[in-house]
Peer 1: 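The structure that follows is given in the form of C-alpha coordinates.
Just so it is clear, the values below take in all heavy atoms, side chains as well, and ignore hydrogens, waters and symmetry mates. Owing to the predicted nature of the structure, the values given are computational and were not obtained by experimental measurement.
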Amino acid sequence: MNQPTIGILVTNTDNSDFAQKHPDDGEKFTRLLQQVRPEWQYRIYDCTEGVLPASANACDGYVIGGSPASVNDDDAWIGGLLDFIRLLHATKTPAVGCCFGHQAIATALGGTVGKNPGGWGFGVAITNFSEQLHWMQPADKTLNLYAAHGEQVTVLPPEAKVVGGDAFCPTASMVVGKHFFTTEYHPEMTKEFFVELTHAFEKYIGKEIAEVARAQAETPTDGLHFAEWMARFLEMPRTAV
(Lines give C-alpha, C1' and ligand atoms only; values in the text may rest on other atoms or scores of the structure.)
Protein backbone atom coordinates (compact mmCIF):
# COMPACT_ATOMS: atom_id res chain seq x y z
CA MET A 1 0.00 0.00 0.00
CA ASN A 2 1.36 3.42 -0.98
CA GLN A 3 1.97 5.81 1.88
CA PRO A 4 0.45 9.31 1.71
CA THR A 5 2.41 12.27 0.45
CA ILE A 6 1.77 15.42 2.47
CA GLY A 7 2.50 18.87 1.04
CA ILE A 8 3.85 21.43 3.52
CA LEU A 9 2.91 24.93 2.34
CA VAL A 10 5.48 27.34 3.81
CA THR A 11 4.17 30.87 4.36
CA ASN A 12 6.81 32.27 6.74
CA THR A 13 8.24 35.57 5.47
CA ASP A 14 10.79 35.98 8.28
CA ASN A 15 14.26 36.20 6.71
CA SER A 16 15.96 37.67 9.78
CA ASP A 17 19.23 36.43 11.25
CA PHE A 18 17.16 34.74 13.95
CA ALA A 19 15.15 32.79 11.38
CA GLN A 20 18.26 31.78 9.47
CA LYS A 21 19.62 30.05 12.60
CA HIS A 22 16.67 27.67 12.80
CA PRO A 23 15.04 25.07 10.54
CA ASP A 24 12.38 26.58 8.30
CA ASP A 25 8.72 25.75 8.77
CA GLY A 26 8.84 23.06 6.10
CA GLU A 27 11.39 21.19 8.17
CA LYS A 28 9.61 21.94 11.45
CA PHE A 29 6.31 20.45 10.28
CA THR A 30 8.05 17.53 8.61
CA ARG A 31 9.92 16.72 11.83
CA LEU A 32 6.70 17.03 13.84
CA LEU A 33 4.68 14.69 11.63
CA GLN A 34 7.56 12.24 11.20
CA GLN A 35 7.31 11.56 14.93
CA VAL A 36 3.81 10.15 14.46
CA ARG A 37 3.95 9.03 10.78
CA PRO A 38 7.60 8.31 9.93
CA GLU A 39 6.59 6.28 6.86
CA TRP A 40 4.82 9.17 5.13
CA GLN A 41 6.40 11.23 2.35
CA TYR A 42 6.66 15.00 2.70
CA ARG A 43 6.96 17.63 -0.01
CA ILE A 44 7.71 21.28 0.76
CA TYR A 45 6.37 24.26 -1.23
CA ASP A 46 7.58 27.82 -0.51
CA CYS A 47 4.41 29.81 -1.11
CA THR A 48 6.21 33.10 -0.39
CA GLU A 49 8.19 32.50 -3.59
CA GLY A 50 5.00 31.78 -5.52
CA VAL A 51 5.60 28.02 -5.44
CA LEU A 52 2.37 26.04 -5.15
CA PRO A 53 1.38 22.49 -6.09
CA ALA A 54 0.45 22.09 -9.74
CA SER A 55 -2.94 20.68 -8.75
CA ALA A 56 -4.94 19.81 -5.66
CA ASN A 57 -4.11 16.12 -6.08
CA ALA A 58 -0.35 16.72 -6.33
CA CYS A 59 -0.32 15.50 -2.71
CA ASP A 60 -2.77 13.49 -0.63
CA GLY A 61 -3.15 16.27 1.92
CA TYR A 62 -1.63 19.57 2.97
CA VAL A 63 -0.43 21.53 5.98
CA ILE A 64 -0.41 25.34 5.80
CA GLY A 65 1.96 26.94 8.30
CA GLY A 66 2.40 30.24 10.10
CA SER A 67 3.79 33.63 9.14
CA PRO A 68 4.42 37.12 10.51
CA ALA A 69 2.60 38.34 7.38
CA SER A 70 -1.09 39.22 7.54
CA VAL A 71 -3.64 37.41 5.39
CA ASN A 72 -5.05 40.89 4.74
CA ASP A 73 -1.87 42.00 2.95
CA ASP A 74 -2.17 42.38 -0.81
CA ASP A 75 1.01 40.45 -1.69
CA ALA A 76 0.63 38.35 -4.83
CA TRP A 77 1.73 35.15 -3.11
CA ILE A 78 -1.07 35.50 -0.54
CA GLY A 79 -3.64 35.85 -3.30
CA GLY A 80 -2.22 32.76 -4.98
CA LEU A 81 -2.43 30.79 -1.73
CA LEU A 82 -6.04 31.85 -1.14
CA ASP A 83 -6.93 30.70 -4.65
CA PHE A 84 -5.25 27.35 -3.98
CA ILE A 85 -7.20 26.97 -0.72
CA ARG A 86 -10.41 27.55 -2.67
CA LEU A 87 -9.30 24.81 -5.07
CA LEU A 88 -8.70 22.45 -2.14
CA HIS A 89 -12.15 23.35 -0.85
CA ALA A 90 -13.79 22.71 -4.23
CA THR A 91 -12.09 19.32 -4.53
CA LYS A 92 -12.56 18.45 -0.82
CA THR A 93 -8.81 17.82 -0.49
CA PRO A 94 -7.78 17.54 3.20
CA ALA A 95 -5.68 20.29 4.73
CA VAL A 96 -4.67 21.43 8.21
CA GLY A 97 -4.05 25.14 8.79
CA CYS A 98 -1.88 26.41 11.65
CA CYS A 99 -1.87 30.10 12.68
CA PHE A 100 -1.53 31.97 9.36
CA GLY A 101 -2.83 28.80 7.68
CA HIS A 102 -5.90 28.83 9.93
CA GLN A 103 -6.52 32.49 9.11
CA ALA A 104 -5.89 31.95 5.38
CA ILE A 105 -8.48 29.18 5.20
CA ALA A 106 -10.99 31.41 7.00
CA THR A 107 -10.26 34.34 4.67
CA ALA A 108 -10.35 32.24 1.48
CA LEU A 109 -13.80 30.92 2.37
CA GLY A 110 -15.38 34.26 3.20
CA GLY A 111 -14.46 34.81 6.85
CA THR A 112 -12.78 37.85 8.39
CA VAL A 113 -9.43 38.19 10.16
CA GLY A 114 -8.67 41.21 12.33
CA LYS A 115 -6.57 42.41 15.23
CA ASN A 116 -6.86 40.53 18.50
CA PRO A 117 -9.21 42.53 20.77
CA GLY A 118 -6.93 41.63 23.68
CA GLY A 119 -3.64 42.55 22.00
CA TRP A 120 -0.82 40.11 21.27
CA GLY A 121 -1.41 36.44 21.92
CA PHE A 122 2.05 35.26 22.87
CA GLY A 123 2.79 32.39 25.22
CA VAL A 124 1.17 29.03 25.91
CA ALA A 125 -2.50 29.06 24.93
CA ILE A 126 -5.18 26.64 26.07
CA THR A 127 -7.72 25.44 23.53
CA ASN A 128 -10.90 24.11 25.10
CA PHE A 129 -12.43 21.73 22.57
CA SER A 130 -16.20 21.87 22.52
CA GLU A 131 -16.41 18.75 20.37
CA GLN A 132 -14.49 15.49 20.39
CA LEU A 133 -14.54 14.38 16.76
CA HIS A 134 -13.77 10.72 16.11
CA TRP A 135 -10.28 11.41 14.72
CA MET A 136 -9.29 13.44 17.80
CA GLN A 137 -7.44 10.52 19.37
CA PRO A 138 -6.07 10.27 21.97
CA ALA A 139 -9.13 12.21 23.12
CA ASP A 140 -8.62 15.33 25.23
CA LYS A 141 -10.85 18.28 25.99
CA THR A 142 -8.00 20.77 26.34
CA LEU A 143 -4.61 21.14 24.66
CA ASN A 144 -1.76 23.58 25.31
CA LEU A 145 0.08 24.95 22.27
CA TYR A 146 2.46 27.85 21.66
CA ALA A 147 0.75 31.06 20.56
CA ALA A 148 2.29 33.90 18.57
CA HIS A 149 -0.38 35.98 16.85
CA GLY A 150 -1.52 39.58 16.65
CA GLU A 151 -4.61 38.72 14.61
CA GLN A 152 -7.34 36.12 14.78
CA VAL A 153 -10.47 35.00 12.97
CA THR A 154 -13.16 37.50 13.96
CA VAL A 155 -15.94 36.33 11.61
CA LEU A 156 -16.27 32.66 10.80
CA PRO A 157 -16.65 31.53 7.17
CA PRO A 158 -20.24 30.44 6.39
CA GLU A 159 -19.36 26.75 6.06
CA ALA A 160 -17.06 26.55 9.10
CA LYS A 161 -17.78 25.31 12.60
CA VAL A 162 -15.79 26.24 15.69
CA VAL A 163 -14.58 23.20 17.62
CA GLY A 164 -12.25 24.88 20.11
CA GLY A 165 -11.22 28.18 21.67
CA ASP A 166 -11.14 30.23 24.84
CA ALA A 167 -12.11 33.72 26.01
CA PHE A 168 -9.07 35.34 24.37
CA CYS A 169 -9.50 33.55 21.04
CA PRO A 170 -13.00 32.09 20.68
CA THR A 171 -12.32 30.80 17.14
CA ALA A 172 -9.01 29.07 17.88
CA SER A 173 -9.92 25.84 16.09
CA MET A 174 -12.44 25.12 13.36
CA VAL A 175 -13.46 22.51 10.83
CA VAL A 176 -14.94 22.93 7.39
CA GLY A 177 -16.76 19.83 6.21
CA LYS A 178 -14.53 16.78 6.43
CA HIS A 179 -11.57 18.35 4.65
CA PHE A 180 -10.29 21.37 6.65
CA PHE A 181 -9.10 21.38 10.26
CA THR A 182 -7.35 24.39 11.79
CA THR A 183 -5.69 25.85 14.85
CA GLU A 184 -4.63 29.40 15.64
CA TYR A 185 -1.55 27.97 17.34
CA HIS A 186 1.82 26.35 16.68
CA PRO A 187 2.20 22.60 17.29
CA GLU A 188 5.47 22.65 15.30
CA MET A 189 7.34 24.90 17.76
CA THR A 190 9.66 23.50 20.41
CA LYS A 191 10.24 25.10 23.79
CA GLU A 192 13.79 26.08 22.85
CA PHE A 193 12.67 27.76 19.63
CA PHE A 194 9.77 29.54 21.32
CA VAL A 195 11.95 30.99 24.08
CA GLU A 196 14.38 32.34 21.48
CA LEU A 197 11.42 33.70 19.53
CA THR A 198 10.29 35.74 22.55
CA HIS A 199 13.70 37.42 22.61
CA ALA A 200 13.71 38.04 18.86
CA PHE A 201 10.19 39.50 18.91
CA GLU A 202 10.49 41.46 22.16
CA LYS A 203 10.89 44.73 20.23
CA TYR A 204 7.49 44.10 18.63
CA ILE A 205 5.50 42.62 21.48
CA GLY A 206 7.07 44.53 24.38
CA LYS A 207 9.19 43.43 27.33
CA GLU A 208 6.28 42.61 29.64
CA ILE A 209 4.56 40.26 27.18
CA ALA A 210 7.88 38.63 26.31
CA GLU A 211 8.71 37.97 29.97
CA VAL A 212 5.27 36.46 30.63
CA ALA A 213 5.64 34.29 27.53
CA ARG A 214 9.04 33.00 28.68
CA ALA A 215 7.53 32.10 32.05
CA GLN A 216 4.64 30.31 30.34
CA ALA A 217 7.12 28.36 28.21
CA GLU A 218 7.80 26.25 31.31
CA THR A 219 4.28 24.83 30.92
CA PRO A 220 4.33 21.52 29.00
CA THR A 221 2.71 21.75 25.58
CA ASP A 222 0.85 19.20 23.49
CA GLY A 223 2.40 19.59 20.05
CA LEU A 224 2.94 15.86 19.59
CA HIS A 225 -0.61 15.12 20.75
CA PHE A 226 -1.92 17.61 18.20
CA ALA A 227 0.32 16.09 15.52
CA GLU A 228 -1.48 12.77 16.02
CA TRP A 229 -4.79 14.56 15.52
CA MET A 230 -3.40 16.15 12.36
CA ALA A 231 -2.22 12.80 11.03
CA ARG A 232 -5.51 11.03 11.80
CA PHE A 233 -7.41 13.85 10.11
CA LEU A 234 -5.23 13.81 6.99
CA GLU A 235 -5.37 10.04 6.60
CA MET A 236 -9.08 9.74 7.36
CA PRO A 237 -11.23 8.33 4.55
CA ARG A 238 -13.24 11.29 3.27
CA THR A 239 -16.43 9.23 3.56
CA ALA A 240 -15.94 9.01 7.33
CA VAL A 241 -18.54 10.70 9.53
Side-chain angles (χ1 to χ4, degrees), residues 4 6-9 11 29 32-33 36-37 40 56-57 59-66 71 81-114 121 125-147 149 151-188 222-241:
I6 303 301
I8 311 295
L9 305 187
T11 60
F29 276 106
L32 175 69
L33 288 169
V36 294
R37 296 296 185 276
W40 284 8
N57 64 5
C59 298
D60 299 294
Y62 296 90
V63 174
I64 310 170
V71 295
L81 174 64
L82 297 181
D83 285 342
F84 186 71
I85 290 170
R86 294 182 191 108
L87 176 62
L88 296 180
H89 181 54
T91 56
K92 302 295 186 286
T93 304
V96 176
C98 299
C99 196
F100 182 93
H102 159 78
Q103 297 173 9
I105 288 174
T107 300
L109 301 187
T112 302
V113 171
I126 296 175
T127 303
N128 300 308
F129 287 92
S130 54
E131 293 198 40
Q132 289 288 288
L133 301 173
H134 67 91
W135 41 266
M136 290 178 170
Q137 297 293 330
D140 209 322
K141 292 183 179 180
T142 63
L143 293 183
N144 293 330
L145 296 171
Y146 292 114
H149 64 110
E151 297 181 323
Q152 61 179 277
V153 176
T154 54
V155 178
L156 207 64
E159 298 177 68
K161 178 172 68 172
V162 174
V163 293
D166 68 356
F168 183 86
C169 185
T171 56
S173 184
M174 66 181 187
V175 294
V176 178
K178 300 171 185 174
H179 55 285
F180 288 159
F181 171 46
T182 72
T183 177
E184 180 57 64
Y185 305 125
H186 290 275
E188 82 283 6
D222 301 303
L224 199 59
H225 193 139
F226 193 83
E228 180 64 29
W229 286 13
M230 292 171 66
R232 287 173 179 263
F233 180 79
L234 290 168
E235 69 190 1
M236 176 180 68
R238 292 305 115 186
T239 55
V241 176

Peer 1: I would like to know whether F180 and V175 meet side chain to side chain contact (heavy atoms under 4.5 Å, CB included); could you show each step before the answer?
Peer 2: CA-CA 5 Å; F180 288 159; V175 294; over 6 Å; no

Peer 1: Take a 6.0 Å sphere around NZ of K141 and say whether it holds more than 12 heavy atoms from other residues, nucleotides or ligands.
Peer 2: no

Peer 1: Got a donor-acceptor contact below 3.5 angstrom from the Q152 side chain to the F168 backbone?
Peer 2: yes

Peer 1: Can you name the closest pair of heavy atoms from C169 and E184 and give their distance?
Peer 2: SG-CG, 4.0 Å

Peer 1: Who are the side-chain hydrogen bond (donor to acceptor under 3.5 Å, both in side chains) partners of S173, not counting sequence neighbours?
Peer 2: none

Peer 1: Please answer whether the main-chain N or O of D140 pairs with a side-chain N or O of Q132 as donor and acceptor at a distance below 3.5 Å.
Peer 2: yes

Peer 1: Quick one: does S130's side chain have a donor or acceptor within less than 3.5 Å of a partner on V163's backbone?
Peer 2: yes

Peer 1: Nearest 0.5 angstrom please: C98 SG to I8 CD1, how far?
Peer 2: 9.0 Å

Peer 1: Is H102 reaching over with its side chain to a backbone N or O of T171, donor-acceptor style, under 3.5 angstrom?
Peer 2: yes

Peer 1: Look up atom CD1 in I6 and atom CE in M230, then write down how far apart they are to the nearest 0.5 Å.
Peer 2: 9.0 Å

Peer 1: With ring pair (Phe, Tyr, Trp, His ring centres under 6.0 Å) as the test, would you mind laying out the steps for Y62 and F84 before giving the verdict?
Peer 2: CA-CA 11 Å; Y62 296 90; F84 186 71; 5.4 Å; yes

Peer 1: Could you go through V96 and T182, starting from their C-alpha distance and side-chain angles, then the distance that decides it, and tell me whether this counts as side chain to side chain contact (heavy atoms under 4.5 Å, CB included)?
Peer 2: CA-CA 5 Å; V96 176; T182 72; over 6 Å; no

Peer 1: Show your reasoning for whether side chain to side chain contact (heavy atoms under 4.5 Å, CB included) applies to Y146 and E188.
Peer 2: CA-CA 9 Å; Y146 292 114; E188 82 283 6; over 6 Å; no

Peer 1: Would you say the side chain of L224 lies within less than 4.5 Å of the side chain of V36, judging by non-hydrogen atoms?
Peer 2: yes

Peer 1: Give the ring-plane orientation class for F181 versus W135, where under 30° counts as parallel, over 60° as perpendicular and anything between as tilted.
Peer 2: perpendicular

Peer 1: Is the side chain of T154 donor-acceptor paired with the backbone N or O of T112 at a distance under 3.5 Å, no angle test?
Peer 2: yes

Peer 1: Return the CE to CD distance between M136 and E228, rounded to the nearest 0.5 Å.
Peer 2: 13.0 Å

Peer 1: If you look at every heavy atom in A56 and T91, which pair is closest and at what distance?
Peer 2: CB-OG1, 3.5 Å

Peer 1: Mark yes or no for whether R86, through its side chain, and A108, through its backbone, hold a donor-acceptor pair below 3.5 Å.
Peer 2: yes

Peer 1: For residues 130-139, pull every pair meeting salt bridge (Lys or Arg N to Asp or Glu O under 4.0 Å), keeping only residues two or more places apart or in separate chains.
Peer 2: E131-K161

Peer 1: Applying salt bridge (Lys or Arg N to Asp or Glu O under 4.0 Å), can you list everything that pairs with E159, at least two apart in sequence or on another chain?
Peer 2: none

Peer 1: Could you go step by step and tell me if T93 and H179 meet the side chain to side chain contact (heavy atoms under 4.5 Å, CB included) rule?
Peer 2: CA-CA 6 Å; T93 304; H179 55 285; over 6 Å; no

Peer 1: Given side chains that start at C-beta, do those of T183 and L145 come closer than 4.5 Å, heavy atoms only?
Peer 2: yes

Peer 1: Going through the checks in order, is the side chain to side chain donor-acceptor pair (under 3.5 Å) test met by H149 and E151?
Peer 2: CA-CA 6 Å; H149 64 110; E151 297 181 323; over 6 Å; no

Peer 1: Using the side-chain contact (heavy atoms from CB on, under 4.5 Å) rule, pick out the option among D60, L234, L88, V63 that qualifies with P94.
Peer 2: L234

Peer 1: Short question: side chain of R232, backbone of Q137 - any donor-acceptor pair under 3.5 Å?
Peer 2: yes

Peer 1: Output yes when a side-chain donor or acceptor of T11 lies under 3.5 Å from a complementary backbone atom of G65, and no otherwise.
Peer 2: yes

Peer 1: Check whether any side-chain heavy atom of I85 lies under 4.5 Å from a side-chain heavy atom of I64, and answer yes or no.
Peer 2: yes

Peer 1: Would you confirm whether N128, through its side chain, and D166, through its main-chain N or O, come within 3.5 Å as a donor-acceptor pair?
Peer 2: no

Peer 1: Checking T127 side chain against G164 main chain: does a donor-acceptor pair fall under 3.5 Å?
Peer 2: no

Peer 1: Check the angle between the aromatic planes of W229 and H225 and answer parallel, tilted or perpendicular using the 30° and 60° thresholds.
Peer 2: perpendicular

Peer 1: Closest approach of Y185 and A172, non-hydrogen atoms and distance?
Peer 2: CE1-CB, 3.7 Å

Peer 1: Can you see which heavy atom on V153 is nearest to which on Q103, and at what distance?
Peer 2: CG2-CA, 4.3 Å

Peer 1: Do L32 and P187 come within less than 4.5 Å of each other through their side chains, counting heavy atoms only?
Peer 2: yes

